[in-house]
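Okay, so here's the structure we're looking at.
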Amino acid sequence: MRFVRNPNNRSGDYLEGMLSDYFGGKAKVKATKTGCSWLVTALTCLQLAFAVYATILLYYMSPPVELRTKPEFTWATRIARNMKQFVIPPHVHGRYQEAASLITAEIFSPITPSQVCEHERIDFVQKKSSDVQMIQLKRELYDEILDFQSKTIGTETLSELMAMKSQWDMRGPNRPKVTVLLNHFKRKTLCSQLDSLLQQSLPFHQVWVLSFGSPNEHSLKRIVESYNDSRISFISSSYDFKYYGRFQMALQTEADLVYIVDDDMIPGKKMLQILSHVAGTEKYKNSVLGSIGRILPFRQKDFTFPSYRKFRSKEAGLYLPDPAYDITVQKIVQVDFLSSSWFLSAELVKALFIETPFTFMTGEDLHLSYQLQKYRNAGSFVLPVDPTDKETWGDSEHRLAYVSETTVIFKDIVQVRDDQWWRALSTGYVTQWAAIYPQKIDALFYAHSVDEVKALAPLLEKFRSSVGKKAYIVVSGGNFCPCEDAAAALNWPKSVCKERRFKIFDLQIGALSGASNSEVPVLQAVYSSLKGLIKIHNPSVIITVTDIDPNVKKALKMASETNANGTALVLLPRSSVSKILWMADLRSTALQNWNRMRISVNIITQSRAPSLTRLLKSLSDAYYIGDEIPISFNMDSKVDEATIKLVDSFEWLHGPKTLRRRIIQGGLIRAVSESWYPTSDDDFGLLLEDDIEVSPYYYLWIKYALLAYHYDPQVSLPELSSISLYTPRLVEVVKERPRWNPTVFFNRIHPNTPYLHQLPCSWGAVFFPKHWREFYVYMNMRFTEDAKANPVQIPKSRTNGWQASWKKFLIDMMYLRGYVSLYPNFPNQASFSTNHMEPGAHVSAKDNVVRHDKADFEVPLLTEDFRTLLPNGKLPPASKLPSLNLFNQPVSLKGLKAAGAKLGQDVLPCNNATEIVTVDHITGLPQQCSKFI
């Protein structure tokens, strides 16, 4: 307000007009009279003195300022009193003394809480349900949750919690500083809250009363002033910061702990002490604590999730405590989110703002618990109470929740909150339902772009269409891969993005983390979301494309490694996706071993550069589905120049390349048998001579067979020692070497069934590590230059006379111990490898035509997907595989062992025809004779 001073007025009239204007009255208009200059000076001095006095006095009385000593201002009072009689004439002073007293009383008299406090009128009793069915359903669900938590994380009563060791000393020097934030809009509960806080057994550090856009701002401010406590501050804004503003304010505190309280909560007088003690325990220090919480919905029988407000539904979840259903919390219980009050360390508050909230209109309670679990691995807990002591309650007057209800009663808000919690569950929030009922799925696909969705679509569809298989897809969402676009690429309705049913998970990356030029937000969002989704759904594999963004790949790798049950990250070249639809036919227990095996290619070569060139080209053109495949070249001392140059210049894009060359010529036995030795039980060796050529599908056959028959824990086939790429056309161990066609032979079972054969393959086969170690020891113990000196003579086998053959020793061992090899069987004996029968150590130039007909050995290579040719489009169960002895005669696996035991010519003498030699699979050394099953 502006006051205008006229120097022609007399002092009394001038002061009268000034005061009259101040009170809104109208001063009389006086005639202009001549005054003295001393009066002007005196009035100016008086105004200055009064301003100085008032300013210092107001500064002194300001609540936030704490001065060590109270300053002495009586000198200002004395000066003002002495000057008053000179500057204000007695007749003016008397006239306005009464008015001035009223002004002073109004400005300086203290306001008491009793003058300004208002209280909510509660003229109804606590609501109680009479619905017997609902009471039973709610009680059953609560007991189920409490029983699960007591067995897994442990639950404590209030007395047990208070007996736990805490870092805070409530009465000593290590007492925690607690800042309390009271957020108010319309409810008339501020005085009740302040009264309770001022009587707490643990004094608070500060109380911040917040008024954002409240129509009651003036009255709230007067209430705070009436308490005249420097620890209580009033913070207001005409802008309504909604439900997140109080948490933004909490970031500013310097206290150890913050207690954020809604305006419908009147905490008991022991509440700060209880909360602080529990927050200081080792078990709950990384938690948010409160007095009211909610358990989110459980999945229904139709595999959908209901609204959290669905009536007469057990699956709708729980509100805890719930006086309506007579449910009190007498043991600490973990909930999905807290409502109405939150007690946590100031540091944990920061987690609320890592991701942009789904909406700022509501849902800060869920968002806080979700973010704390996702990024800080922090839980949300409702504290127990002592039913007989209301001072231990965080909500001493629950009926206030029914006065001026807001978020929980409006249909639109309920829908928003339903969308919000479903979004949280879809992006990795492990709710109590997910904890109690962990899922088990086969595959979780991840696509960061719509193009990646299209690339993965065939395999995803194969999984989802296979009986008994479960597979979902996760998309990045946001600007990277909008959920609706992903659904369209999969020919799914766009509504799948809104359904509360597991099918597609939209991470909303970018929309949640905001635009950024840094890779950190994307990496963090993918990792934290996938970590939660993996924990909920426990997939055997996470499948994505090889050329996905490198940072996303890192996040997926880190997330997959968090699963203690084993989740393999499968990175597929886009061109290979349609070639491995057989993945969906494997058991989950086998799929999770996808990355365990290490298959190396070991080439034996010497002086056939053109043959080697053909082999290398066929190897380079094969499908390797993103696996690392080491390759080694094993050359004897007489290797020619052309071969050395070819090997040196060859570029292998699928793994490391190793070259080995002998100093002294070793011959074919040493060249082959010493070309590979396993480094672990997951190291498998593919041995190839240089006149072999392979099919583009050879590696897929090996991988599929290993996963189905070796890495499936539900399959027991210890007799399997190798996997052949080649299908023989002759029975090579008998003198006549008759032709043999497995397609015709197994026609009654299935013309294209794979089969087990006691004959090892030397024209392209993968050998198992345990059996190869065993073979090394066996060959060392039995090797002789003279074949006739070999003690093993298999009845009617032409292998008895073979010389310079490593295969002869392997045949002997397999016959004596009942081992077999898996063989493919396709029309026209098409195979994954073929032998071109070119001149070499075994096939000399002069013998090539006379003794070896190429038509008996060369077979066509498979150039199309073999899966459709298999029985029912997949590998048959191990128990359904037919088995043949060395002479191509059907014999059971037990019968094969019996034949070896009967021969009795192994390295250890076994006296019983029901025993065979068993070995130490680490060293390969024979241990004892054991009965076979």
Side-chain angles (χ1 to χ4, degrees), residues 63-64 66 111-120 122 168 170-171 175-212 214 216 219-236 245-247 249-250 252-280 288-292 338-346 349 383 385-386 389-401:
E66 298 181 4
I111 305 171
T112 62
S114 61
Q115 294 174 297
V116 294
C117 279
E118 296 179 290
H119 299 278
E120 290 288 354
I122 303 176
W168 303 116
M170 301 303 156
R171 291 181 173 80
R175 190 170 66 182
K177 292 182 178 180
V178 181
T179 292
V180 183
L181 289 86
L182 306 176
N183 194 63
H184 275 264
F185 191 71
K186 284 186 177 180
R187 280 196 177 97
K188 302 172 183 179
T189 55
L190 178 56
C191 291
S192 298
Q193 287 182 324
L194 292 176
D195 289 342
S196 174
L197 291 171
L198 287 167
Q199 299 177 57
Q200 289 291 312
S201 55
L202 173 68
F204 58 80
H205 176 60
Q206 288 181 324
V207 171
W208 295 351
V209 178
L210 311 178
S211 171
F212 297 142
S214 170
N216 298 339
S219 61
L220 292 171
K221 181 179 180 182
R222 283 172 59 82
I223 290 173
V224 171
E225 292 172 346
S226 73
Y227 278 85
N228 194 28
D229 191 317
S230 63
R231 298 173 300 163
I232 305 175
S233 303
F234 182 76
I235 303 170
S236 66
R246 49 190 165 176
F247 292 95
M249 290 302 303
Q252 308 298 319
T253 183
E254 296 178 356
D256 303 302
L257 302 162
V258 293
Y259 188 29
I260 302 170
V261 186
D262 269 357
D263 55 7
D264 59 350
M265 298 288 286
I266 312 296
K269 297 173 185 177
K270 299 178 182 178
M271 208 57 212
L272 284 186
Q273 179 181 351
I274 293 171
L275 288 165
S276 298
H277 178 87
V278 176
V288 54
L289 309 174
S291 302
I292 297 175
L338 297 168
S339 296
S340 301
S341 67
W342 302 264
F343 190 90
L344 67 168
S345 70
V349 178
L383 289 187
V385 299
D386 180 350
D389 185 1
K390 268 200 169 187
E391 304 305 338
T392 66
W393 298 11
D395 179 23
S396 60
E397 183 49 83
H398 191 75
R399 289 178 296 171
L400 284 171

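None of these values were measured; they are calculated from a predicted model.
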Expected output: side-chain D256 to main-chain K177 donor-acceptor under 3.5 Å = yes
inquiry  = If the test is side-chain contact (heavy atoms from CB on, under 4.5 Å), which one of L272, V288, I260, V261 qualifies with F343?
reply    = L272
ask   = Does a side chain donor of either H119 or S192 reach within less than 3.5 Å of an acceptor in the other side chain?
value = yes
task = Quick one: pull up CG in L194 and CD1 in I223 and give me the separation to the nearest 0.5 Å.
result = 8.0 Å
key: Closest non-hydrogen atom pair, G280 against W168   = CA-CD1, 3.6 Å
query = Does the salt bridge (Lys or Arg N to Asp or Glu O under 4.0 Å) test come out yes or no for D389 and K270, once each step is laid out?
reply = CA-CA 10 Å; D389 185 1; K270 299 178 182 178; 2.8 Å; yes
note = Smallest heavy-atom separation, W393 atom then D386 atom, equals NE1-O, 3.0 Å
inquiry  = Quick check: do C117 and K188 have side-chain heavy atoms less than 4.5 Å from each other?
reply    = no
key: Side chains of L190 and S219 in contact at under 4.5 Å (non-hydrogen atoms)   = no
inquiry  = I need the R246 CZ to H184 NE2 distance, nearest 0.5 Å.
reply    = 10.5 Å
task = Could you grab the distance from atom CG of L182 to atom CG of L220, nearest 0.5 Å is fine?
result = 10.5 Å
query = Which atoms form the tightest heavy-atom contact between A250 and V349, and what is the distance?
reply = CB-CG1, 4.2 Å
query = Does some side-chain heavy atom of T112 sit less than 4.5 Å from a side-chain heavy atom of S226?
reply = no
query = Which atom pair, heavy atoms only, marks the closest approach of F234 to S236?
reply = CE2-CB, 3.4 Å
query = Would you say the side-chain atoms of T189 pair up with the backbone N or O of D263, donor to acceptor, closer than 3.5 Å?
reply = yes
Shortest non-hydrogen contact from D395 toward D264 = OD1-O, 4.0 Å
ask   = At their closest point, which heavy atom of M271 faces which heavy atom of Y259, and how far apart are they?
value = CG-OH, 3.7 Å
inquiry  = Could you measure the distance from the CD atom of Q206 to the CD atom of E254? Nearest 0.5 Å is fine.
reply    = 8.0 Å
message = A side-chain contact here means heavy atoms from C-beta on lying under 4.5 Å apart; do K221 and S211 qualify?
response = no
query = Do Q193 side-chain atoms and M265 backbone N/O form a donor-acceptor pair below 3.5 Å?
reply = yes
task = Under the side-chain contact (heavy atoms from CB on, under 4.5 Å) rule, what do D195 and Y227 come out as? Steps first, then yes or no, please.
result = CA-CA 9 Å; D195 289 342; Y227 278 85; 2.7 Å; yes
ask   = Are side-chain heavy atoms of V258 and F247 found at a separation under 4.5 Å?
value = no
query = What's the verdict on side-chain contact (heavy atoms from CB on, under 4.5 Å) for L198 and R231, showing C-alpha distance, side-chain angles and the deciding distance?
reply = CA-CA 10 Å; L198 287 167; R231 298 173 300 163; 3.5 Å; yes
note = One should read off an interatomic distance between I274 CD1 and S291 OG, to the nearest 0.5 angstrom, of 9.0 Å
ask   = Roughly how far, to the nearest 0.5 Å, is OG1 of T253 from CH2 of W208?
value = 4.5 Å
request  = Answer yes or no: is there a donor N or O on one side and an acceptor on the other, between the side chain of S196 and the main chain of P267, under 3.5 Å?
outcome  = yes
